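Report on the following structure.
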Amino acid sequence: RLLKLLEEPPDNTLFILVAENPDALLNTIVSRTQILRIPGYTDAEIAQYLTQFHQTSPQQATLIAAVAEGNLNTAIHLLDAPENDYQNLLLQWWQVCLKPDVAGMYKTVEAFAELGREAQKHFLQYNLYFFRHTLTQIWGQTQGPALNTAEWQMANQISLKLKLNTQAPQAVAQLLNQAIGHIERNANPRILFMHLSLMLYKTFKPLK
């Protein structure tokens with residue numbers, strides 16, 4: 001019925017279909033439409049918007065823009081959310097994952113569980129942002145504006161582990177992306193983050 005309606009719409013009628021992933025749509029639907037791809041905002045555009053219209057500090061605006069990944073609505077939500085300062089939680093988490101400190105993992109996991117699902121997802125996206133810039137800045141041996149001093153110190157600790165296991169970067173990125181997918185599917189946060197913490201430690205162990 002939908003295909004027939006799209007193929008022969010009533011007079012003076014315009015259908016607008018919105019999809020985040022057009023490639024997942026049926027070809028029979030796509031063939032009856034004109035595709036207009038609307039790109040997301042750049043990090044610089046979102047940061048400029050936050051500083052100009054929400055009086056956000058440049059440092060916080062840059063962080064939120066990176067986590068939002070081109071979605072302005074997400075950036076505004078992060079700005080208004082009381083839990084948008086993830087830095088301390090990130091530093092604590094990576095510290096216990098690198099040791100490992102199982103008791104510290106349990107404590108950190110409880111902090112994760114108190115966050116809402118959207119906040120948990122945003123925190124993992126922030127970790128992806130942090131890890132990506134950790135790699136680029138460590139390889140470049142320079143501290144750029146992407147990471148502040150505390151993050152840079154943690155990045156150096158991670159770099160020592162990377163020298164022992166060169167396969168770790170791809171594995172870490174895969175683990176974080178998988179965790180985001182599990183959060184979207186309503187996974188139990190305590191089980192998810194504890195498993196993720198243990199897997200991160202295992203990933204950074206030297207290869208035998």
Side-chain angles (χ1 to χ4, degrees), residues 1-50 53-54 61-81 83-84 86 90 112-113 115-136 139 146 166-200 202-203:
R1 184 168 298 186
L2 174 62
L3 293 175
K4 187 67 174 178
L5 187 62
L6 292 174
E7 194 170 44
E8 300 178 3
D11 293 338
N12 302 317
T13 301
L14 179 65
F15 292 104
I16 300 177
L17 309 180
V18 181
E20 292 186 358
N21 185 10
D23 295 334
L25 296 175
L26 294 174
N27 289 331
T28 49
I29 292 179
V30 176
S31 64
R32 289 166 170 78
T33 63
Q34 284 186 317
I35 297 180
L36 177 63
R37 299 187 183 277
I38 303 175
Y41 291 100
T42 66
D43 289 357
E45 289 171 336
I46 292 181
Q48 181 181 2
Y49 173 85
L50 295 178
F53 295 100
H54 292 271
T62 299
L63 171 59
I64 292 177
V67 176
E69 294 187 324
N71 190 320
L72 185 59
N73 284 331
T74 298
I76 295 174
H77 170 77
L78 285 170
L79 185 66
D80 294 336
E83 64 273 7
N84 62 44
Y86 298 127
L90 176 143
F112 293 145
L115 301 175
R117 293 197 180 274
E118 282 301 309
Q120 293 165 359
K121 179 180 173 181
H122 294 153
F123 174 73
L124 291 171
Q125 290 171 336
Y126 170 41
N127 275 270
L128 279 170
Y129 161 82
F130 163 75
F131 191 67
R132 181 172 66 250
H133 284 285
T134 294
L135 296 178
T136 57
W139 288 336
T166 56
Q167 298 178 14
Q170 183 178 357
V172 170
Q174 185 176 4
L175 285 170
L176 292 173
N177 277 306
Q178 287 176 345
I180 292 173
H182 292 320
I183 288 294
E184 292 174 340
R185 295 176 179 85
N186 296 322
N188 183 299
R190 288 180 173 84
I191 296 175
L192 171 65
F193 279 102
M194 192 63 197
H195 176 263
L196 178 58
S197 301
L198 293 171
M199 290 301 296
L200 286 174
K202 181 180 178 180
T203 299

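Here the structure is a predicted model, which means the values were calculated and not measured.
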Can you tell me if [atom1] on [X] sees more than 12 non-hydrogen neighbours from other groups inside 6.0 Å?
X     : atom1 : value
Asp23 : CG    : yes
Glu7  : CD    : yes
Asp11 : CG    : no

Mind telling me whether Tyr49 and Phe53 have parallel, tilted or perpendicular rings, with 30° and 60° as the class edges? tilted

Over all heavy atoms of both residues, which pair between [X] and [Y] is shortest? Give the atoms and the distance, please.
X      : Y      : result
Pro9   : Leu6   : CD-O, 3.6 Å
Ala187 : Arg117 : O-NH1, 2.7 Å
Pro10  : Leu5   : CD-CD1, 4.0 Å
Ala47  : Ala65  : N-CB, 3.9 Å
Asn73  : Asn71  : N-OD1, 3.0 Å

Please tabulate, one pair per line, all N/O donor-acceptor pairs under 3.5 Å involving side-chain atoms of residues 174-182, not counting sequence neighbours.
unit_1: Asn177; atom_1: ND2; unit_2: Ala173; atom_2: O; d: 3.0

Approximate separation, where rounding is to 0.5 Å, of [X] [atom1] and [Y] [atom2]:
X      : Y      : atom1 : atom2 : answer
Leu90  : Tyr126 : CG    : OH    : 5.0 Å
Ile76  : Leu50  : CD1   : CG    : 7.5 Å
His54  : Leu79  : NE2   : CG    : 6.0 Å
Ile46  : Leu72  : CD1   : CG    : 5.5 Å
Phe112 : Ile183 : CZ    : CD1   : 10.0 Å
Asn127 : Leu200 : CG    : CG    : 8.5 Å

With side chains defined as the heavy atoms from C-beta onward, is the minimum distance between Leu124 and Leu196 less than 4.5 Å? yes

Mind checking what makes salt bridge (charged side-chain N to carboxylate O under 4.0 Å, His left out) contact with Glu8, not counting sequence neighbours? Lys4

Under the salt bridge (charged side-chain N to carboxylate O under 4.0 Å, His left out) test, which residues partner Arg190, sequence neighbours left out? Glu110

Does His122 reach the main-chain N or O of Glu118 with its side chain, forming a donor-acceptor pair under 3.5 Å? yes

Using distance only, find each side-chain donor-acceptor pair of residues 29-39 under 3.5 Å and give its atom names and separation, not counting sequence neighbours.
unit_1: Ser31; atom_1: OG; unit_2: Asn27; atom_2: O; d: 3.1
unit_1: Ser31; atom_1: OG; unit_2: Thr28; atom_2: O; d: 3.1
unit_1: Arg32; atom_1: NH1; unit_2: Thr28; atom_2: O; d: 2.6
unit_1: Thr33; atom_1: OG1; unit_2: Val30; atom_2: O; d: 2.9

Apply side-chain hydrogen bond (donor to acceptor under 3.5 Å, both in side chains) to Tyr41 and list each qualifying residue two or more places apart in sequence or on a separate chain. none

For Glu184, give me all partners under side-chain hydrogen bond (donor to acceptor under 3.5 Å, both in side chains), at least two apart in sequence or on another chain. Lys121

